[in-house]
> 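The structure follows.
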Amino acid sequence: MSVGIIGAGRMGRVLAGILAQQHTLYLFDRDETKLRQVAGETGAVAAESLEDIVRQQRVILAVPDREVISCIKALNEQKQPVQVIHIATNVTQRVVEQMQASHVQCIGAKIIGHADEMTMGQRPVIIVNEQPAYLAAIAEELFSSVGQVIRGNADIVAVINTIVAEKVLEAAVHIEDALHSQDIKDPLILQSAIKQVGAGILKAYADGNLGPFAREVVQSVKAKRSRQELSSR
């Protein structure tokens, strides 16, 4: 399959590295230096213009949320039929459909994942909108090499990622505060505690692979929560 990607940022780079192994991939970015670098690293073809991307008929938008609408407007102006898969977490399907011209068909494929983790080989879950069905099938085929694809309401990923980001960052701040209270303030120690111990425990929890001590901590946390819920009734 021939496909284009607009955007050579963190996620665009990851997707290009995966998809270029199986498809004829064209990559476009306004930053020509970044474009040439990522194309060279991934084996993608560096597109000379947006027209080169549109000629592939299937395009993945891997640009920041704030740039999605301007990209769709630019694709509208090309006057050529194109199928667009956008991965922007906070841009809803309804907004995209309102902006697209009749010759531009868009669908969301939202990634529950992190670019750095994907670079290390982790396969995220990707939710693809169910409609339009023919475009959902194309998105599913493309992204099946990236992660586990589920059809449903892709817009829910914005809720998922926001909750997770807020809770994890809240935990990181609490860890810093707790260590500071013990007069542990060395930046290297704080970084290692959060990056190695904290992130490692989160991964083990997600995988169901906690050690005995961590399992005891989980039981204690859940018991404390249950007591608080009972006392608040």
Side-chain angles (χ1 to χ4, degrees), residues 7 9-15 60-69 85-96 107-129 143 146-182 184-211 213-233:
R10 294 175 69 189
M11 191 58 77
R13 183 193 301 260
V14 173
L15 293 177
I60 296 172
L61 287 187
V63 298
D65 293 359
R66 64 183 180 276
E67 297 180 18
V68 170
I69 298 305
I85 304 167
H86 77 90
I87 65 171
T89 301
N90 296 301
V91 180
T92 67
Q93 182 71 13
R94 182 178 179 182
V95 167
V96 170
I107 195 168
K110 312 293 183 70
I111 301 171
I112 306 174
H114 191 281
D116 291 345
E117 293 293 315
M118 292 167 64
T119 299
M120 293 186 291
Q122 294 295 319
R123 286 172 56 83
V125 169
I126 302 152
I127 302 181
V128 174
N129 277 323
F143 280 86
V146 177
Q148 179 64 47
V149 179
I150 298 173
R151 292 199 197 185
N153 176 17
D155 293 342
I156 196 66
V157 174
V159 176
I160 295 169
N161 287 356
T162 297
I163 290 173
V164 173
E166 287 179 352
K167 294 302 182 182
V168 169
L169 292 173
E170 183 179 291
V173 172
H174 285 327
I175 291 170
E176 284 183 330
D177 290 344
L179 292 176
H180 284 167
S181 71
Q182 299 297 316
I184 301 171
K185 300 179 180 179
D186 186 307
L188 289 177
I189 293 175
L190 294 173
Q191 181 188 46
S192 189
I194 294 171
K195 184 177 181 179
Q196 297 290 331
V197 181
I201 290 173
L202 276 175
K203 288 181 181 179
Y205 180 85
D207 292 336
N209 192 34
L210 289 173
F213 171 73
R215 290 197 298 271
E216 290 178 4
V217 173
V218 170
Q219 291 174 357
S220 175
V221 169
K222 289 182 176 180
K224 181 179 179 180
R225 179 187 295 173
S226 295
R227 289 194 298 270
Q228 290 174 340
E229 291 175 350
L230 287 172
S231 64
S232 65
R233 290 177 182 175

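Fair warning: this is a prediction, and the values are worked out from it, not measured in the lab. In what follows, residues are counted from 1 in the order of the sequence shown.
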> What closest approach, in Å, do Val14 and Ala115 show between heavy atoms, and which atom pair accounts for it?
CG2-O, 3.6 Å

> How far does CG of Leu61 sit from CD1 of Ile69, to the nearest 0.5 angstrom?
9.5 Å

> Output, in order, the C-alpha distance, side-chain angles, deciding distance and verdict of side chain to side chain contact (heavy atoms under 4.5 Å, CB included) for Met118 and Val146.
CA-CA 8 Å; Met118 292 167 64; Val146 177; 3.6 Å; yes

> Please tell me if the side chains of Ile194 and Glu176 come closer than 4.5 Å, counting only heavy atoms from C-beta onward.
yes

> I need the minimum non-hydrogen distance between Ala193 and Leu179, along with the two atoms involved.
CB-CD1, 4.0 Å

> With the side chain counted from C-beta on, respond yes when Gln122 and Lys203 share a heavy-atom pair under 4.5 Å apart, and no when they do not.
no

> Between Asp65 and Thr89, what is the shortest heavy-atom contact and its length?
OD1-N, 3.5 Å

> Got a second to check how far His114's NE2 is from Arg10's CZ, nearest 0.5 Å?
5.0 Å

> Check whether any side-chain heavy atom of His180 sits under 4.5 Å from a side-chain heavy atom of Leu190, and report yes or no.
yes

> Among residues two or more places apart or on two chains, list those pairs meeting side chain to side chain donor-acceptor pair (under 3.5 Å) that have a residue in residues 146-159.
Lys110-Asp155, Glu140-Arg151

> Determine the minimum heavy-atom distance between Pro124 and Ile112, stating which atoms define it.
CB-O, 3.4 Å

> Roughly how far, to the nearest 0.5 Å, is the CD atom of Glu170 from the NE2 atom of His174?
4.0 Å

> Between Leu210 and Arg215, what is the shortest heavy-atom contact and its length?
O-NH1, 2.6 Å

> To the nearest 0.5 Å, what is the distance between CD on Glu216 and CD on Gln219?
7.0 Å

> Drop me the distance from Gln196's CD to Ile201's CD1, to the nearest 0.5 angstrom.
11.5 Å

> Where do Val96 and His86 come nearest, in terms of heavy atoms and distance?
CG2-NE2, 3.5 Å

> How long is the gap from CG on Asn90 to CG on Asn161, to the nearest 0.5 Å?
8.5 Å

> Side chain of Ser192, backbone of Leu188: donor and acceptor closer than 3.5 Å?
no

